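We count ligands from 1, going down the list as the structure has it; atoms in each ligand are counted the same way. If you read the sequence from its start, that first residue is 1, and numbering goes on from there. On a predicted model such as this, the values are computed, not experimentally measured, just so you know.
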Amino acid sequence: MKKKLQVALDLFKTEDALEILEEVADYVDIIELGTPLIISEGARVVKTVKDKYPDKIVFADIKVMDGGNVVPKSVLEAGADMISVLAASDDSTIKGAIRIAKEYGAKVLVDMCSVKDIAARGKEIEAMEPDYICVHVGYDIQETGADPIEELRKLEGVSCAKAIAGGIKLDTFAEAVASPAEVIISGGGICNQKNRRETAAKMREIMDSYLQK
Ligand SMILES: O=C(CO)[C@H](O)[C@H](O)COP(=O)(O)O
């Protein structure tokens, strides 16, 4: 299976995102423009980052909850390669997001953040054929100790490609890579570290050596 490392840039200013990317972009496959960044800087940040890193997958974490075929338009116009829609939204919203993303040649990640019955909703989401289902322990739930690697087990039998997110750091990275997830997402685990470049390089090394096994 392919594996991808995604850095989540959950900050507020384009210049701060660019500064972090200078340090870590060499080691990541997917650049996530986090929800706070998109809200703060708008779709312009998507164009700025895609222009600078045309070979990276640029993911706009817009977490669509309604207006699936409308809300993603600005980030898709700006060059996003992938967008997110919430699994907790109505099926018609998810289908709309998948439809408009396809028109632009982009991918869709359905984010399971705050979904209570992951196994049941996972089956329903799979039938809509998104590119990824993301098991995500959101910020506001992380202090409960919930573990996305553990939560991912609830999607056994769901064949759609998977991503995991929520507090993944260097010390849990090897376990995350060994899980069935194709995309491993780390935000604070890279961006809040003293030596971000070294941390991202170590994550890359762990992923590459797993893939060579
Ligand atoms: O979408 C998010 C929060 O809603 C974050 O991008 C995601 O949780 C990854 O960040 P971290 O590794 O810091 O948890």
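Below 3.5 Å of separation, one finds no N or O of Gly189 facing any N or O of ligand 1. Considering backbone and side-chain N/O atoms, Gln142 comes within less than 3.5 Å of an N/O atom of ligand 1. In terms of polar-atom proximity, Ser186 is not counted as a contact of ligand 1, lacking any N or O under 3.5 Å from an N or O of the ligand. Of the N or O atoms in Gly187, one or more lie within a sub-3.5 Å distance of an N or O in ligand 1.
Under a 4.0 Å criterion applied to the non-hydrogen atoms of Asp61, ligand 1 contributes the atoms 1 (O). Contact atoms of ligand 1 toward Gly167: 11 (P), 12 (O), 14 (O) (distance under 4.0 Å to a heavy atom of the residue). Atom numbering of ligand 1 starts at 1 in the shown order; those under 4.0 Å from a heavy atom of Tyr139 are 3 (C), 5 (C), 13 (O), 14 (O). Close approach of ligand 1 to Gly188 is summarised as follows: ligand atoms under 4.0 Å from at least one heavy atom of the residue are 11 (P), 12 (O), 13 (O).
Salt bridge Arg99/Glu103: absent, no basic N to carboxylate O contact under 4.0 Å. Between Lys56 and Asp26, none of the side-chain N atoms (NZ, or NE/NH1/NH2) sits under 4.0 Å from a carboxylate O, so this pair counts as no salt bridge. The pair Lys162-Glu126 does not count as a salt bridge, with every side-chain nitrogen at least 4.0 angstrom from each carboxylate oxygen. For the pair Glu156 and Arg153, the salt-bridge criterion is not met [side-chain N within less than 4.0 Å of a carboxylate O]. Using a 4.0 Å cut-off between charged nitrogen and carboxylate oxygen, Asp208 and Arg204 count as a salt-bridge pair. Using a cutoff of 4.0 Å between basic side-chain nitrogens and carboxylate oxygens, Arg121 and Glu124 are scored as salt-bridged. Classification of Glu182 and Lys4 as a salt-bridged pair holds, one side-chain N sitting under 4.0 Å from a carboxylate O.
Here the protein heavy atom with the shortest distance to atom 5 (C) of ligand 1 is Asp10 OD2, 3.2 Å. Annotation: atom 1 (O) of ligand 1 to nearest protein heavy atom, Lys63 NZ, 2.9 Å. What sits closest to atom 8 (O) of ligand 1 on the protein, heavy atoms only, is His136 NE2, 2.9 Å.
At a 4.0 Å cut-off, not a single heavy atom of Gly138 sits close enough to ligand 1 to count as contact.
A side chain to side chain contact (heavy atoms under 4.5 Å, CB included) with Asp61 is found for exactly one of Leu9, Val75, Thr35, namely Thr35. Checked options Lys52, Arg196, Arg197; the residue passing with Glu22 is Lys52 (criterion: side chain to side chain donor-acceptor pair (under 3.5 Å)).
Contacts between Thr35 and ligand 1, counted as non-hydrogen atom pairs separated by less than 4.0 Å, are absent for every part of the residue.
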